[in-house]
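I have placed the structure first, in the form of structure tokens, so that the comments after it can refer back to it.
Only this structure's heavy atoms are used, side chains among them; waters, hydrogens and symmetry mates stay out.
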Amino acid sequence: MPLIGYARVSTEDQTPLPQSEALQSAGCAEIFEEHASGGNRARPVLARVLERIGKGDTLVVVRIDRLARSLSHLLEVIERLEGKGAFFRSLQDPIDTASPQGKFTLQVLGAAAEFERALIRERTKAGLASARSKGRVGGNPGLRAKDPEALRKVRLARQDGYMERLNETAQDWVPHVRRLRPDMAWEDVLRIINGPLPHDRRWTQSRLLRAVKAYVADGFLPAEVLGRAGRRETDDRLPAIVAAIKGADPEITLQAICDRLESMRERTPRGRTSWQPSSVRMLLERAEKLGLL
């Protein structure tokens with residue numbers, strides 16, 4: 001199985017060389033280095049690695065804190081890898097999702113995270129009940145009085161919270177929207193975005209449109225992406241989809257494109273559900289003739 005290494009340091013003053021050497025000694029054919037804070041989930045190099053990693057590949061790090069600083073982020077990345085048929089390994093931690101022992105460790109971590117969330121919920125409920133028993137009413141007094149300034153602050157806080165959540169997932173959808181809209185219909189863009197994502201992280205069209213409109217309003221995406229898609233000939237639709245997948249990862253293999261199309265439940269030109277590399281090659285050649293590549 002191809003081993004793909006990821007090394008991260010927090011500042012430009014630090015060097016990822018020791019990590020890269022350890023990853024090379026472990027047999028990693030490719031090693032990606034990044035200077036970024038571990039608390040920042042929207043790391044461009046990590047996003048590129050997760051996008052290009054394919055079925056049967058293994059993402060390798062020296063320690064799990066090089067990949068994620070929180071248990072929720074670690075589990076999120078591993079779920080994304082599992083959704084693509086890939087694995088995760090930490091050299092200095094007992095985690096290797098390709099082995100039974102590593103899977104067991106991951107299950108223990110997942111159970112611990114759920115237990116922690118349950119404790120937080122119980123403590124919150126107990127605190128609210130105690131406050132009510134003492135005659136204290138929770139909430140913002142300004143909101144209870146419907147004060148316009150208090151309402152405005154809540155709206156801004158909710159918008160900030162929404163944008164923060166969008167920023168955590170931007171690596172999944174922004175590059176595709178930027179490249180494909182408005183040349184491709186939203187339905188096809190949505191299927192390309194959802195193709196490599198685990199089921200619980202997939203987008204609906206309404207959620208995606210809301211996110212895109214928010215990014216356009218804040219200037220993170222050009223307004224043109226919301227324009228009406230031009231009509232495309234039926235015969236050109238599959239070449240456009242294959243070209244979009246290839247454009248997101250120029251190094252992707254024909255077999256990986258087959259897997260992606262099958263995960264999107266896209267049928268072959270002959271109406272079959274199983275794709276072959278020869279069919280993908282034919283569509284790529286047509287896409288090149290159409291100027292889509």
If I compare all heavy atoms of [X] with all of [Y], which pair ends up nearest, and what's the gap?
X: A240; Y: M184; result: O-CE, 3.5 Å
X: P2; Y: G56; result: CD-O, 4.0 Å
X: V62; Y: A22; result: CG2-CB, 4.1 Å
X: P277; Y: C258; result: N-SG, 3.5 Å
X: M163; Y: A214; result: SD-CB, 3.8 Å
X: P239; Y: A287; result: O-CB, 3.6 Å

[Y] and [X], any side-chain heavy atoms less than 4.5 Å apart:
X: Q205; Y: E187; answer: yes
X: E76; Y: R201; answer: yes
X: M282; Y: P269; answer: yes
X: V60; Y: I4; answer: no

Check for a donor-acceptor pair, side chain of [X] on one end and backbone N or O of [Y] on the other, with a separation under 3.5 Å.
X: S279; Y: W275; answer: no
X: K84; Y: E79; answer: no
X: R43; Y: L67; answer: yes
X: W186; Y: R181; answer: no
X: R8; Y: R66; answer: yes
X: R202; Y: L197; answer: yes
X: T97; Y: F88; answer: yes
X: E34; Y: V45; answer: yes
X: N194; Y: W203; answer: yes
X: D57; Y: G54; answer: yes

Mind checking the [atom1]-[atom2] spacing from [X] to [Y]? Nearest 0.5 Å is all I need.
X: I241; Y: L261; atom1: CD1; atom2: CG; answer: 7.5 Å
X: M264; Y: D259; atom1: CE; atom2: CG; answer: 12.5 Å
X: D93; Y: R89; atom1: CG; atom2: CZ; answer: 13.0 Å
X: I252; Y: E51; atom1: CD1; atom2: CD; answer: 7.5 Å
X: I64; Y: H73; atom1: CD1; atom2: NE2; answer: 12.5 Å
X: E30; Y: I53; atom1: CD; atom2: CD1; answer: 9.5 Å

Q. In terms of heavy-atom contacts, does CD of Q24 have more than 12 from other residues, nucleotides or ligands at under 6.0 Å?
A.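 No.
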Q | Residue list, side chain to side chain donor-acceptor pair (under 3.5 Å) with E288, at least two apart or on another chain | A |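 Residues passing side chain to side chain donor-acceptor pair (under 3.5 Å) with E288: none at all.
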**Q.** Contacts of Y215 that satisfy ring-ring contact (aromatic ring centres under 6.0 Å, His included) - sequence neighbours left out
**A.** W173, F220
(Q) Apply side-chain contact (heavy atoms from CB on, under 4.5 Å) to residues L23 and L91 and explain how you reach the verdict. (A) CA-CA 8 Å; L23 293 169; L91 299 181; 4.1 Å; yes
**Q.** Set of side-chain contact (heavy atoms from CB on, under 4.5 Å) partners for S263, sequence neighbours left out
**A.** R260
With the threshold set at 4.0 Å, does a side-chain nitrogen-carboxylate oxygen contact exist between [X] and [Y]?
X: R80; Y: D172; answer: yes
X: K246; Y: E251; answer: no
X: R237; Y: D188; answer: yes

Q: Begin from the C-alpha positions of I257 and L283 and carry the test side-chain contact (heavy atoms from CB on, under 4.5 Å) through to its verdict.
A: CA-CA 11 Å; I257 296 178; L283 290 174; over 6 Å; no
Q.
Side chains of T273 and E262: any donor to acceptor distance under 3.5 Å?
A. no
Q) Should I78 and L59 be marked as a side-chain contact (heavy atoms from CB on, under 4.5 Å) after you check the CA-CA gap, both sets of side-chain angles, and the distance that decides it? A) CA-CA 9 Å; I78 293 176; L59 177 63; over 6 Å; no
Q: Look at the side-chain heavy atoms of Ile, Leu, Val, Met, Phe, Trp and Tyr, link any pair under 4.5 Å apart, and say whether V9 and Y6 land in one connected group.
A: no
Q) Are L221 and L209 connected in the hydrophobic side-chain network, where two residues link if heavy atoms are under 4.5 Å apart? A)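 Shared cluster, yes.
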Q. Looking at Y162, does the NZ or CZ of R210 lie under 6.0 angstrom from its six-membered ring centre and within 45 degrees of the ring axis?
A.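 Here R210 passes the 6.0 Å and 45° test against Y162.
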Q) After noting the C-alpha distance and the side-chain angles of K213 and L226, does the key distance pass the side-chain contact (heavy atoms from CB on, under 4.5 Å) rule? A) CA-CA 8 Å; K213 289 176 181 177; L226 292 172; 4.0 Å; yes
